[in-house]
> 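Dumping the structure here so I can ask a few things about it.
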Amino acid sequence: ALGMLSANRKALYVWLALALLTLVTYAVGKLGYAGMSVVAMLLLSVSIKGQLVIDYFMGLAQVRSRWKWVVTVWLLSVVLLIGLAYWTSV
């Protein structure tokens, strides 16, 4: 029971971090901030949120590193392609 409480608490903290990062992203958009540094910060936020989901909600934090890296490389590839698309459009 103690292990489950700890796991539930960890899931709560991860969820709160995801919610906080999402609210920050929303506020940045609502305030109309723009520019390369803002996009870089938002892409970093997306990367952190994605990795939290991969590790805790997909349960890949405890699996072999090969499988974890496949999903992480996919996430980073998508984020980098979005960043490249933004950079080439400016």
Side-chain angles (χ1 to χ4, degrees):
L2 185 58
M4 181 59 89
L5 179 62
S6 176
N8 287 341
R9 183 167 291 162
K10 183 182 277 190
L12 174 65
Y13 291 148
V14 170
W15 184 86
L16 288 172
L18 291 170
L20 178 65
L21 288 169
T22 300
L23 288 173
V24 168
T25 302
Y26 173 78
V28 166
K30 198 70 170 165
L31 293 170
Y33 294 135
M36 189 58 87
S37 60
V38 173
V39 171
M41 187 266 310
L42 293 175
L43 290 175
L44 177 63
S45 171
V46 167
S47 299
I48 292 169
K49 289 174 12 178
Q51 195 61 50
L52 287 172
V53 169
I54 289 167
D55 286 342
Y56 297 102
F57 293 113
M58 292 176 67
L60 295 181
Q62 282 79 31
V63 300
R64 290 182 171 201
S65 64
R66 178 179 61 163
W67 292 110
K68 183 177 176 180
W69 282 107
V70 168
V71 180
T72 299
V73 167
W74 172 83
L75 170 67
L76 292 177
S77 299
V78 170
V79 169
L80 288 174
L81 286 172
I82 291 170
L84 180 65
Y86 177 79
W87 182 68
T88 58
S89 70
V90 186

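In this text, all values refer to a predicted model and were calculated from it rather than measured experimentally.
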> Can you tell me if S47 uses its side chain to pair, donor with acceptor, with the backbone of L43 under 3.5 Å?
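Yes, S47 side chain to L43 backbone: donor-acceptor pair under 3.5 Å.
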
> Tell me which pairs pass salt bridge (Lys or Arg N to Asp or Glu O under 4.0 Å) where either residue lies in residues 13-30, with sequence neighbours left out.
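For residues 13-30, and leaving out neighbouring residues, there are no salt bridge (Lys or Arg N to Asp or Glu O under 4.0 Å) pairs at all.
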
> Honestly curious: do V14 and M58 fall in one hydrophobic cluster under the side-chain, below-4.5 Å linking rule?
yes

> I want to check something: taking the side chain as every heavy atom from C-beta on, are V46 and L42 in contact at a cut-off of under 4.5 Å?
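V46 vs L42: side chains apart.
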
> Compare every heavy atom of S45 with every heavy atom of T25, then report the nearest pair and how far apart it is.
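Closest approach of T25 to S45, heavy atoms only: OG1-OG, 3.7 Å.
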
> Are W15 and L60 co-members of a hydrophobic cluster defined by side-chain heavy atoms under 4.5 Å apart?
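Yes: a chain of side-chain contacts under 4.5 Å links L60 to W15.
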
> For residues 75-90, which residue pairs pass the side-chain hydrogen bond (donor to acceptor under 3.5 Å, both in side chains) check, not counting sequence neighbours?
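Sorted result for residues 75-90: empty, none.
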
> Restricting to side chain to side chain donor-acceptor pair (under 3.5 Å), what partner residues turn up for T72, sequence neighbours left out?
Q51

> Sequence neighbours left out, what passes salt bridge (Lys or Arg N to Asp or Glu O under 4.0 Å) with K49? Give chain and number order.
none

> Treat each ILVMFWY residue as a node, draw an edge where side-chain heavy atoms are under 4.5 Å apart, and state whether V73 and I48 are in one component.
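No, no single cluster joins them.
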
> So, using side-chain contact (heavy atoms from CB on, under 4.5 Å) as the criterion, who are the partners of V78 when residues are at least two apart?
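Checked V78 against side-chain contact (heavy atoms from CB on, under 4.5 Å); matches are W74, I82.
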
> Applying salt bridge (Lys or Arg N to Asp or Glu O under 4.0 Å), which residue pairs with at least one partner in residues 68-90 are found, sequence neighbours left out?
D55-K68

> Would you say L80 and V53 are hydrophobically clustered, going by side-chain heavy atoms of ILVMFWY under 4.5 Å?
no

> Please check if the number of heavy atoms outside Y33 that lie under 6.0 Å from its OH is greater than 12.
no

> For residues V71 and L76: do they belong to one hydrophobic cluster (side chain heavy atoms under 4.5 Å, members Ile, Leu, Val, Met, Phe, Trp, Tyr)?
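Different clusters.
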
